[in-house]
Amino acid sequence: MLSWSDTLVITLVALAADAVIGDPDWLWRRLAHPVAIVGRAIAALDRVLNREAWSSARRKFFGIVTILLLVIAALIVGYAIEAIIPPGVAGNIVLGLLASMLIAQKSLHQHVARVHAAFITGGLTAAREAVSLIVGRDPNSLDESGVSRAAIESCAENFSDGVVAPTFWLATLGVPGLLAYKAINTADSMIGHRSDTYRDFGWASARLDDLVNLVPARIAGLLLVLAAPLARGSMASALRTMWRDARNHRSPNAGWPESAMAGALGIKLAGPRRYAEGLVDDPYLNANGRDATPADIRRALRMLAAACGIQFAIYITLACVA
């Protein structure tokens, strides 16, 4: 079992490596990404344990079995990796490099930045295509403000899910905690839907994902509040909007980073959105804000980079006192 000081060193290595290297496409064209492997396992369990003819209670039961199997397998693999890698400085570096594969600072920045670049090089049509790669809503229904809003919401929400939460669980429980979190989060993204197919089978995955993101989402919101001035935004407005509007989001967690971003940038986020399954008529976050513009995507990216830097500084401080 690694000490907390070792785990914090691994966390710092993972954050630094991800910021510099990110997700190298050349590597994942040759090897299966860990998240892809988890996805295949979820798809296989879905095919076997989610039968349309089964009752609602039975599908919910096997959904619970599915997420338990995934978490147990992730924990076993995580502990095995920590046991195989020799302890010490070199071992911590290796573990940090492996862990960096499951943190998304650089890749998130790149994906959102492509939407801003698409506005410049190809206009609204190109931006719609770029944003369709990172959000599930119907891109053809989005005007310039809608595309900008979607990109900024993705930036805020995925800062929580893809950066703060995996880092939190890595720092708290080591590699097993990181792998278990990614298994839960991937299951939620694949089967945690409210459709007829997954309403029962994906119930446990969705609820567990809500639970493991409860603390990280609020940390993410606070980090974005602290980062607001570096994007010419207001910390006071970000904090006030987050405290007031986070509860208005349909997710118990996504509203925290999204409302902090909305308040910091002075724009409205969320609101009515059209997905393949139909219109979602949610209230706006920061409803009195202005419509988002492509320039706001660039400001959101500055906030993202600043918040990642603040998070890194916090973990350095914790490592120094551990």
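Closest of all the heavy-atom pairs between A150 and V135 is O-CG1, 3.7 Å. Nearest heavy atoms, G263 versus S237: O-OG, 2.8 Å. Closest non-hydrogen pair, F159 versus L108, comes out as N-CD2, 3.5 Å. Annotation for R250 and D282: closest pair NE-OD2, 3.2 Å, computed over non-hydrogen atoms. Closest non-hydrogen pair, L224 versus M261, comes out as CD2-CE, 4.2 Å. Of all non-hydrogen atoms in L75 and P176, the two that sit nearest each other are CD2-O, 3.6 Å.
One finds the CG atom of L98 at 12.0 Å from the CD1 atom of I93 (value rounded to the nearest 0.5 Å). Annotation: the span from F201 atom CZ to R51 atom CZ amounts to 10.5 Å, rounded to 0.5 Å. Once rounded to the nearest 0.5 Å, the distance linking CD1 of I64 with CZ of R59 reads 14.0 Å. Taking CE of M235 as the reference point, atom CG of L230 lies at 10.0 Å (rounded to 0.5 Å). Note that the CG atom of D200 and the CD1 atom of I191 stand 11.5 Å from one another [nearest 0.5 Å]. Taken from CD in E157 to CG in N253, the straight-line distance is 9.5 Å, to the nearest 0.5 Å.
Note on V164: it clusters hydrophobically with V215, by side-chain heavy-atom contacts below 4.5 Å among ILVMFWY residues. Criterion: ILVMFWY side-chain heavy atoms under 4.5 Å apart, direct or through other members. Under it, M190 and I37 are not part of a common hydrophobic cluster.
Listed for the D143 side chain is a donor-acceptor partner under 3.5 Å among the backbone atoms of G146. At least one donor-acceptor pair under 3.5 Å links the side chain of N286 to the backbone N or O of I267. With hydrogens and angles disregarded, a donor-acceptor distance shorter than 3.5 Å links the side chain of E82 to the backbone of V175. Remark: the backbone N or O of R29 is not paired with any side-chain donor or acceptor of H33 at under 3.5 angstrom. Side-chain atoms of W256 never come within 3.5 Å of backbone atoms of S160 as a donor-acceptor pair (strictly under, hydrogens ignored). Side-chain atoms of R194 do not come within 3.5 Å of backbone N or O of R199 as any donor-acceptor pair. Without hydrogens or angle criteria, W169 side chain to L179 main chain gives no donor-acceptor distance under 3.5 Å.
For R207, the side-chain contact (heavy atoms from CB on, under 4.5 Å) test picks out W203, D210, with sequence neighbours left out.
L214 is listed as a side-chain neighbour of R218, based on a closest heavy-atom distance under 4.5 Å. Looking at R232 and R302, their side chains come closer than 4.5 Å, going by heavy atoms from C-beta outward. At least one side-chain heavy atom of I314 sits under 4.5 Å from a side-chain heavy atom of L223. The closest side-chain heavy-atom distance from E144 to P294 is below 4.5 Å. Using a 4.5 Å heavy-atom threshold, the side chains of M242 and L222 count as touching. You'll find the side chain of L208 reaches within 4.5 Å of the side chain of V71, heavy atoms only. Annotation: side chain of V38 is not in contact with side chain of K182 (no heavy-atom distance under 4.5 Å).
In summary, the side chains of D296 and S148 do not present any donor paired with an acceptor at a separation below 3.5 Å, with no hydrogens or angles considered. Of the N and O atoms on the side chains of Y181 and N213, at least one donor lies less than 3.5 Å from an acceptor on the other residue. Using modelled atom types and a 3.5 Å distance limit, the side chains of S195 and T197 yield no donor-acceptor pair. For the 3.5 Å distance criterion, the side chains of Y198 and N50 fail to qualify, holding no donor opposite an acceptor. For the residue pair D245 / T241, no side-chain donor-acceptor distance below 3.5 Å is found, with atom types taken as modelled.
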Under the side chain to side chain contact (heavy atoms under 4.5 Å, CB included) rule, what do R298 and F119 come out as? Steps first, then yes or no, please.
-> CA-CA 11 Å; R298 192 169 182 178; F119 269 120; over 6 Å; no
Give the intermediate values and the outcome of side chain to side chain contact (heavy atoms under 4.5 Å, CB included) for residues I103 and L15.
-> CA-CA 7 Å; I103 299 174; L15 288 171; 4.2 Å; yes
In sequence, state the C-alpha distance, the side-chain angles, and the governing distance for I10 and L2, and then conclude on side chain to side chain contact (heavy atoms under 4.5 Å, CB included).
-> CA-CA 10 Å; I10 292 167; L2 294 172; 3.5 Å; yes
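Here the options are L8, L178, L102, the test is side chain to side chain contact (heavy atoms under 4.5 Å, CB included), and the partner is L170; only L178 passes.
Applying the side-chain hydrogen bond (donor to acceptor under 3.5 Å, both in side chains) test to every pair with at least one member in residues 98-127, sequence neighbours left out, gives these pairs: D18-Q105, H111-R114. Each ring pair (Phe, Tyr, Trp, His ring centres under 6.0 Å) pair with one or both residues in residues 34-65, not counting sequence neighbours, appears once here: W54-F62.
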